[in-house]
Amino acid sequence: MLLFQDLLEIIRSEAKKTLSGIEEKEVIFDPTEHAHITLRLIKYGKTETNFDGKLDKICSDIEKLGFVSSVKKEGYYVNVYLNPIAILNTISESIHTAGIFPDSFQDPERVSVEHTSTNPTGPIHMGRVRNSVIGDSVAKLIERYGYRVTKQYYVNDSGKQMLSLYLGYEKFHKGDELTVANLLDGYVKIYNYFEEQKSEREVEDLMERYERGDGELIKNVREIASVVLESIIKDLEKLDIKFDEFTWESEFITSGETKEVIRKLSENLETDEKDGAKYIDIPNLRKIYLERGNGTSLYVTRDIAYHMYKFSQYDRCIIVLGEDHKEHGKIMNFIMHTLLGYENQMDFIFYGYVNLESGKMSTRKGTSIPVSEVYNKLVEKASQEIEKRYGSSDKSTAEKIASSALRFYILRINPSKPITFRWEDALDFNGETAPFIMYSYTRASSILEKSGSGGNFTEEDMNKEEIDLIVHLYEYPYKLKEAFNSLKPEVLATYLLSLSKKFTSFYENSRVIDQKDEIKNRRIAIIKSYTSIVQDCSSILGIKNVNKM
RNA sequence: GGGCUCGUGGCCUAGUCUGGAUAAGGCACCGUCCUUCUAAGUCGGUGAUCGUGGGUCCGAAUCCCACCGAGCCCGCCA
């Protein structure tokens, strides 16, 4: 939970002394340019008697607050102007004492964030990584809020796709070196082979052997999955995405937990007359099969087993899935909560596809864009840009720029919207990008490096840009709250961009190092607050700031 | 056919949940600013029937209905 002085709430409770019904959404940071904080009281104009007098009373009550400098009544709005020095001091104090603004305290609730979980059938591509980037930022957001978070990767090593990968390798590359390239080649070939044969019989036989617990087969498939998984992990580490736990799907089969799922749900299961397959008939939806006629389990069965495990370890589970899994989310909610009676909170985050201008990405068809390819091109471009400015390249900075740019390119877009991947956009370092945010940060660092450590200051000659920036800095906890409540890291991406723009306009209008102390020290304090909040917000989004670029 | 999602200047995005002060940014394009803390930047300009048509409301990009377009789901696949 976050700890900070909630200005909106304090103002609201003052106003409620006069108009008791004022709601949270009616006291807001003004999105227009009229005020810092505004009370939108239009709807009370009709119902309240002596409304104008009541507005005056509200204004005078709010004006007495220490962090308020003035209040103006304009139409049905009450416009509040904050005392920038008081606000700046509050932020500075928090950073001084807690090292951070806003402060937070540890909540005992344990949260699992499951993301990526892509089948290890090939290198991770730009479509799949949307899952990872969203999931990792959500995990960091929740951690920042004070929860204990475990980042989990559910490794599918037991389905048809994995066994096809295995079969492709056995058939076309047996004896060859066990590399991602060979595996991928066999994978493409095996699907062509299925088409030629007009049958997937061979892989179906494997699936049955696998489910019956053929130890040798399970071991071999896992070995192959590990090779591909390693390459995925390596690619993601470059983007600062790491996992705390890998759970192998096959473990739920070999441990008998999928059978346990069938037992637990036995009262709700119906049996198919044809061959004895078992299913749940979900009202207003359809039949969901949990056991095939041959007694083997299905994806849903294993996912139920996985969530029973997660619910035993965590109070809340967050799962990031592609939008094609929306119905699966409904199914899981119904089974886990309605049928099995679990009370653990379960939230799904769904995201849209990343397409190419030419159509969909597909590993099998060879039309996907691997993350590593985009990352490498970004490193190359960043190196060139650095060389242009400093005459020599700096690998570490280039990698930070690349990783930040890649994450931000995906993260700033609302997950429910599809993305069309374009190289020119992904490689852009201008405008609304991570490099712009990083650049504004380096300008701030540069001033701090040259200006000394600061000291006492006054309100003398304070300009509009300083005040704007300070007020916007104080919006950070509210943005954190909004992002947390809705599980939307893109809220922070949008905020960080607008904060960086405000800093830039401050930078253009407010010199620091050659000013007299009263002013210089104040601007140093502003910049220190700014860099602290940018660092904090960046770490959630996966932007790695540098002091020079 | 049923269900879900998306549609905002030439292109990309914010705002939509929770209706309110002139629809906010970026890219591209035209023009401006480096003896001044990093020009990956700044300032100015061109450019929007907020998919279409109805409705509710004092007030609609936002809520409701219908329609159009794009995508996804509707497997004893995952």
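A, B, ... follow the sequence lines: proteins, then strands. Residue 1 opens every chain. Values below: all heavy atoms of this structure, side chains included; hydrogens, waters and symmetry mates excluded.
Ion pairing of A/Lys259 with A/Glu291 is present here, as a side-chain N (NZ or NE/NH1/NH2) and a carboxylate O approach within less than 4.0 Å.
The listed nucleotides are B/C11, B/U22, B/C6; the one nearest the side chain of A/Ser416 is B/C6. Comparing B/A40, B/C4, B/C27 by their closest approach to the side chain of A/Lys326 singles out B/C4.
Two residues, A/Phe429 and A/Ser510, neighbour RNA chain B, and the one matched to the more 5' nucleotide by heavy-atom proximity is A/Ser510.
In this structure, B/G69 forms a base pair with B/C6, meeting either the Watson-Crick or the G-U wobble geometry with both donor-acceptor distances under 3.5 Å. Pairing of B/C17, defined by two Watson-Crick or G-U wobble distances under 3.5 Å, is not identified with any nucleotide. In this structure, B/C37 makes no Watson-Crick or G-U wobble pair, since no nucleotide meets both defining distances under 3.5 angstrom. Nucleotide B/C63: paired with B/G55 (Watson-Crick or G-U wobble, both distances less than 3.5 Å). Under the Watson-Crick and G-U wobble criteria, each requiring two contacts below 3.5 Å, nucleotide B/G75 is left unpaired. Under the Watson-Crick or G-U wobble criterion, with both distances below 3.5 Å, B/G44 is paired with B/C30.
Atom CD1 of residue A/Ile37 and atom CZ of residue A/Phe29 lie 4.5 Å apart, to the nearest 0.5 angstrom.
Enclosure of atom CZ in A/Arg523 by more than 12 non-hydrogen atoms of other residues, nucleotides or ligands within 6.0 angstrom is indicated.
Within the 4.0 Å cut-off from OP1 or OP2 of B/A39, at least one side-chain nitrogen or oxygen of A/Arg443 is found.
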| Taking protein heavy atoms under 4.0 Å as touching, what does nucleotides 73-78 of chain B look like 5' to 3' if B marks base contact, S marks sugar-phosphate-only contact and - marks none? | SSSBSB

| request: Quick one, give me the B/S/- string for nucleotides 13-20 of chain B, reading 5' to 3', where B means a protein heavy atom under 4.0 Å from the base and S means that only happens at the primed atoms, P, OP1 or OP2. | output: SS-B-BSB

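Note on ring orientation: taking the six-membered ring where Trp is involved, the planes of A/Tyr530 and A/Phe503 are parallel (angle under 30°, cut-offs 30° and 60°).
A/Tyr289 pairs by the side chain to side chain donor-acceptor pair (under 3.5 Å) definition with A/Asp272, not counting sequence neighbours.
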| query | So A/Thr258 and A/Arg302, side-chain hydrogen bond (donor to acceptor under 3.5 Å, both in side chains) or not? Walk me through it. | reply | CA-CA 6 Å; A/Thr258 51; A/Arg302 300 188 292 265; over 6 Å; no

